[in-house]
Structures are given as C-alpha cells and as structure tokens.
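Every chain is numbered from 1, with letters handed out A, B, ... down the list of sequences.
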2 protein chains.
Amino acid sequence: MATGRTHRPATRSRGIPEATVARLPLYLRALTALSERSVPTVSSEELAAAAGVNSAKLRKDFSYLGSYGTRGVGYDVEYLVYQISRELGLTQDWPVVIVGIGNLGAALANYGGFASRGFRVAALIDADPSMTGKPVAGIPVQHTDDLETIIEENGVSIGVIATPAGAAQQVCDRLVAAGVTSILNFAPTVLSVPEGVDVRKVDLSIELQILAFHEQRKAGEEPAGEGAADTAPPAAPPAASVRRRTDGTDSGPDGDVPAVMPA
Amino acid sequence: MATGRTHRPATRSRGIPEATVARLPLYLRALTALSERSVPTVSSEELAAAAGVNSAKLRKDFSYLGSYGTRGVGYDVEYLVYQISRELGLTQDWPVVIVGIGNLGAALANYGGFASRGFRVAALIDADPSMTGKPVAGIPVQHTDDLETIIEENGVSIGVIATPAGAAQQVCDRLVAAGVTSILNFAPTVLSVPEGVDVRKVDLSIELQILAFHEQRKAGEEPAGEGAADTAPPAAPPAASVRRRTDGTDSGPDGDVPAVMPA
DNA sequence: CGTTGTGAACTTTTTCACAGCG
DNA sequence: CGCTGTGAAAAAGTTCACAACG
C-alpha cells in the first residue's frame with residue numbers, strides 16, 4: 001500500500017526532543033505567570049510544580065536549550081521567558097487563519113490565548129455566504145472563495161481547520177496549495193498532507209474516550225453492579241477461537257467478554 | 001515543597017500501555033467509518049492508513065487486547081468495533097457535565113462527537129445568572145449553585161471544565177468534592193486534584209506553539225530574511241557565562257542568541 | 001550551602017522481521 | 001499465499017543520583 005503522503009517523520013528538530021518541545025509551552029505559561037507577579041528567580045522545583053511536571057524532567061528539558069540557570073539559585077524568570085519564547089519561535093509574529101466559523105471556530109477566534117502568544121488571527125474564513133462580512137471577535141468573516149488570496153496576501157503559514165469533518169481534507173488541500181505549511185486540525189479526520197507539512201490534531205471526543213477508559217477501570221473494582229445500559233454483544237468474529245492474551249496474566253476481575261457465541 | 005496532591009501515577013491500567021489506549025479512539029473512529037460503509041473486514045495495513053498510524057504499531061496495539069484478527073484475512077470490522085468500544089468503556093452511558101458555557105462551552109455542548117460515542121451531556125453549568133435557564137444546544141443552562149446537586153442526581157463522574165483560567169481550580173475542587181473522578185480541562189491552568197482523580201488537558205494555544213516551533217525550524221533554512229517583528233532581547237541573566245550546549249554539536253545556522261550583555 | 005546540569009540506569013514506546021496460521 | 005501476532009532490537013523518554021559550581 002505504501003503510506004503515501006501522510007504523517008510527519010517526527011524529526012526531533014535541531015536536537016530538541018519532541019517531548020521536550022511539547023512541554024516548553026507549559027513552562028512558558030508558568031514563567032509568564034511568575035513574571036506577572038514580578039518574581040525574579042525560580043528554582044527547578046518550584047517551576048516544575050507550577051507547570052505540573054517533576055523537577056528532574058524540567059532540568060533535563062532545559063539542558064537541551066543550554067545552561068540558563070545559576071547553581072544554588074535557580075533560573076532568572078525574565079531571561080528564561082525570553083529564551084523559551086525564542087526557541088518556540090514566539091518572538092516573531094505568526095499570522096493564522098481560522099477556517100470554519102461555526103461554534104468552535106468562533107470560540108477559537110475569541111480565545112485570548114491565541115492573540116497573547118505571538119499569534120495573530122489574520123482572517124476568518126467560512127463557506128457559508130450568509131456568514132460573509134459578519135464580524136466574529138471583531139474580525140469580518142470572509143468567504144472560502146478568497147482563501148488563496150487571503151493566505152498569500154497575509155503571508156499565512158499556519159492554518160486552523162474547524163470545519164465539519166467532511167470539508168476538512170478539501171480545505172486542507174487548498175490551504176497547503178496556497179502555501180500553508182502547518183495545520184491545527186479540530187475536525188475529526190485524518191488529514192493527508194504532503195511531506196514537509198505539519199499537522200497537529202486536537203480531538204475533543206478522543207480525550208473523553210481516554211478518560212472513560214480510566215474511569216471504567218476505577219469502577220471495575222466492584223464485583224458487577226451499577227450496570228444499566230450495556231449494549232448487546234455484536235455479531236461473532238469471523239470464525240476464530242477467541243483466545244485472549246497469550247500469556248497467563250489475564251482473566252482480570254472484570255472478565256465478561258461476550259464469549260464465543262458462534263453462529 | 002513536596003508535590004502534594006497532584007498528577008496521577010500513570011498506571012498503565014490492566015496491562016494496556018497508555019500509548020495504546022490513546023490510539024484506540026483513533027482506530028475506533030476509522031472502524032466506525034468502515035462500518036458505515038458496510039465494509040466487512042479490513043487488514044491492519046488498510047486500517048492503519050485510515051487511522052494515520054503504521055500497521056506494525058496497530059497490530060501491536062491490538063495484540064494487547066487479544067487476538068481478534070484472522071490470519072490471511074484481517075479483522076472483522078463489526079467485531080472489532082465492539083471490542084474496542086468495550087475496552088474503552090463506551091458500551092455504557094457516561095453522563096458528563098460541562099461547566100462554563102462561554103464560546104467554548106457552547107461549542108462543546110453542540111459538538112456531535114460527544115453525544116455520538118456513549119457520552120451524554122447531562123447538564124450545562126455556568127456562573128453567570130443571566131445565562132441560567134437559557135437553552136444551549138437544547139439544554140437549559142443551570143447555575144453553579146446547583147453544581148453538587150446536579151452531579152449527584154445524575155451520577156456524573158466525568159466533568160468538562162471550559163471556564164476562564166481563574167475559575168478552573170475552584171470549579172475543579174467542587175466537582176471532585178461532589179464525586180467527579182475524571183476531568184477534561186480546557187482552561188489554561190494546571191489543576192491540582194487528589195489521588196485517584198484523572199485530569200486530561202486540552203490546550204489550544206499549546207498546540208499552536210508546538211506548530212510554531214516546527215514552522216520556525218523550516219523557515220530557519222533561509223539565511224536570515226523575512227524577519228519583521230522580533231521583540232527586544234530581555235534583561236540579561238543573573239550573572240552567568242551563558243555557555244550553550246556542552247558538547248560540540250551546537251551553533252546551528254540560526255545562532256543569534258542575545259549574547260551575554262552583562263549589566 | 002543549595003541548586004543546577006548531566007551521565008547512567010531504567011522504563012516505555014516504536015520498529016523490525018518473521019514464525020505461525022487460516 | 002497473505003496477513004496476523006509477537007519476540008527481540010532499537011529508539012525515545014523518564015528518573016536517579018551526584019559531581020560541579022555559584
């Protein structure tokens with residue numbers, strides 16, 4: 001099949017591990033809060049607590065950026081804010097477009113966190129002609145027809161997709177063709193993009209499902225009860241002799257596989 | 001300091017790796033789509049493509065659930081949908097409350113993906129009295145005063161926080177006190193919760209920042225240009241002799257550290 | 001002193017590659 | 001034959017624990 005033009009190669013760019021990059025915004029937020037309270041320095045222990053990680057991890061993360069702390073003292077808040085901002089590329093201005101101004105798109109347009117951190121909502125785009133011209137968060141919505149022009153004129157390289165799932169790939173293709181190279185996707189679809197384009201996905205229902213998994217496990221301690229609506233087991237597997245887990249360590253207390261049920 | 005009551009112990013519940021759990025919803029979505037198209041079976045290769053992962057990973061993931069495939073053939077779509085749903089706990093009904101019915105809360109209330117997968121929006125809660133009674137997504141908003149009653153009467157164990165950052169911890173505390181044990185947090189704050197309570201965080205601006213990081217790296221290939229608004233370097237570090245990266249492999253093409261600049 | 005920065009140990013996750021089976 | 005299921009290898013990420021240093 002050859003996975004064609006799909007997901008990014010997880011490049012670990014410039015030697016900073018992905019996992020570290022993903023935490024930098026967390027540190028930055030905590031640092032910004034400290035900065036606002038005019039706290040001059042902070043120890044790895046304190047900052048880690050504020051960011052919700054442990055201090056060893058934080059120190060290791062910072063070690064990838066360089067040695068910005070002072071032994072016996074801690075980190076200079078302002079200086080670190082700058083270093084992380086720079087590392088993340090937030091010392092420059094990033095114009096973004098939001099495509100799909102439904103409930104979510106509007107929420108995003110209004111979301112303060114965007115504007116505050118180097119991101120500027122350059123345009124709102126929607127396919128519904130009746131939306132065109134209507135201001136959302138003070139910005140007039142423009143029609144999808146003008147997408148390419150908008151991207152080019154504003155030098156947009158980051159696009160946010162908040163359309164229904166059905167429209168997402170098409171919008172994505174147009175964004176990419178017009179020059180966008182990073183996409184934040186809120187639509188519940190897997191987007192196909194050419195090499196060199198980054199996609200990050202935010203999926204509201206996936207997060208809930210992960211919570212449900214853990215929640216179920218907590219409740220699973222009880223013998224059986226509380227069960228109300230459990231949907232009916234489905235058609236049996238093709239033929240199979242459903243054996244669970246090859247090694248011994250199975251048959252946990254939750255049990256209750258719909259069993260074999262052939263034909 | 002002692003990290004007190006904070007983040008969960010990442011328990012790897014019932015032997016299924018966290019990383020796998022996080023992908024199950026992805027597979028489920030792809031499978032559901034196939035199911036709707038009445039596709040009877042699917043190979044790991046096809047399903048992996050549809051879910052945006054590689055097939056080895058998918059097969060390994062499934063191997064933690066048991067042996068649900070047929071060699072030489074693939075997986076029975078319906079059967080697998082059921083197995084994954086059950087594993088995730090989606091064969092039961094999960095009442096959730098959404099607290100904070102601003103732009104985002106309203107978007108969430110209207111989000112189809114919630115309702116579709118075993119989640120039922122049991123109540124919408126907001127602190128603004130002028131919202132009380134107003135229907136959002138067909139559900140009348142209730143006042144925060146009644147939070148505890150609502151949780152208890154509906155047997156809610158999952159709460160969604162979509163309030164401003166300032167209110168989040170307080171709301172969280174009340175949810176937890178009332179019996180909620182899983183929280184999906186959209187507010188840009190680190191929540192403190194007691195042992196046994198799960199928190200997942202969705203942070204819109206963090207995702208954008210991660211994109212910006214990669215975007216910057218792409219643009220970084222060019223010698224210098226395109227730079228417009230680069231904010232002024234900050235106060236220098238405490239005293240330090242800013243040495244970057246201990247080993248040789250540094251001084252990338254981006255350079256331009258604000259240098260030492262003492263006093 | 002107190003706290004950073006980091007090798008080294010450990011854990012988790014991913015990938016490989018192929019035996020096993022329908 | 002084709003595709004799953006899985007040990008084993010590799011890679012990535014986390015934690016430990018302590019030397020180095022202001």
*Pair of N/O donor and acceptor under 3.5 Å linking C:dT4 base with A:Arg71 side chain*: yes
*Taking atom C1' of C:dG2 as reference, at what distance in whole Å does atom CD of A:Glu46 sit?*
12 Å
*For B:Phe186, which residues count as a ring pair (Phe, Tyr, Trp, His ring centres under 6.0 Å) partner, sequence neighbours excluded?*
none
*Regarding A:Thr189 and A:Gln169, is there a side-chain donor-to-acceptor distance under 3.5 Å anywhere?*
no
*Side-chain N or O of B:Thr70 closer than 4.0 Å to phosphate OP1/OP2 of C:dG22*: no
*D:dT6 P sits how many Å from B:Phe62 CZ, rounded?*
13 Å
*Hey, does the Lys NZ or Arg CZ of B:Arg217 hover above the aromatic six-ring of B:Phe213, less than 6.0 Å from the centre and inside 45° of the axis?*
yes
_Under the side chain to side chain donor-acceptor pair (under 3.5 Å) test against B:Ser44, which residue among B:Lys60, B:Arg59, B:Lys57 passes?_
B:Arg59
*Test side chain to side chain contact (heavy atoms under 4.5 Å, CB included) on B:Tyr27 and B:Ile84 and set out the steps.*
CA-CA 8 Å; B:Tyr27 302 143; B:Ile84 294 179; 4.0 Å; yes
_I'd like to check the side-chain contact (heavy atoms from CB on, under 4.5 Å) partners of B:Thr181; sequence neighbours left out, ordered by chain and number._
A:Glu215, A:Lys218, B:Ser157
_Rounding to an integer number of Å, can you tell me how far A:Tyr64 OH sits from C:dT6 P?_
10 Å
*asked:* Could you check whether any side-chain N or O of B:Glu207 sits under 3.5 Å from a backbone N or O of B:Leu204, counting only pairs where one atom can act as donor and the other as acceptor?
replied: no
*Find the distance B:Leu58:CG to D:dG5:C1' and express it as a whole number of Å.*
12 Å
*Once you round it to whole Å, what is the distance between P of C:dT13 and CZ of B:Arg23?*
8 Å
*Ignoring backbone atoms, test whether A:Ser44 places a side-chain nitrogen or oxygen under 4.0 Å from the OP1 or OP2 oxygen of C:dT3.*
no
Where do N or O atoms of nucleotides 15-18 of chain C meet protein N or O atoms at under 3.5 Å, pair by pair?
from: C:dT15; atom 1: OP2; to: B:Asn54; atom 2: ND2; distance (Å): 2.8

_Among C:dT3, D:dT14, C:dG22, the nucleotide that comes nearest once only the side chain of A:Ser43 is considered_ = C:dT3
*Atom-to-atom span, CD1 of A:Ile16 to P of D:dA12 - whole angstrom*: 15 Å
*Output the single nucleotide from D:dT14, D:dC21, D:dT4 whose closest atom is nearest the side chain of B:Tyr75.*
D:dT4
*For the pair made of CG in B:Leu80 and C1' in D:dT4, what is the distance, rounded to whole Å?*
12 Å
*With the side chain of A:Pro17 defined as its heavy atoms from C-beta on, choose the nearest nucleotide among C:dT14, C:dG20, D:dG13.*
D:dG13
*asked:* So if I take every side-chain heavy atom of B:Ser67 and compare against C:dT13, D:dG5, C:dT3, which nucleotide ends up nearest?
replied: D:dG5
*Integer-rounded Å distance: D:dC3 C1' and B:Asp76 CG*: 15 Å
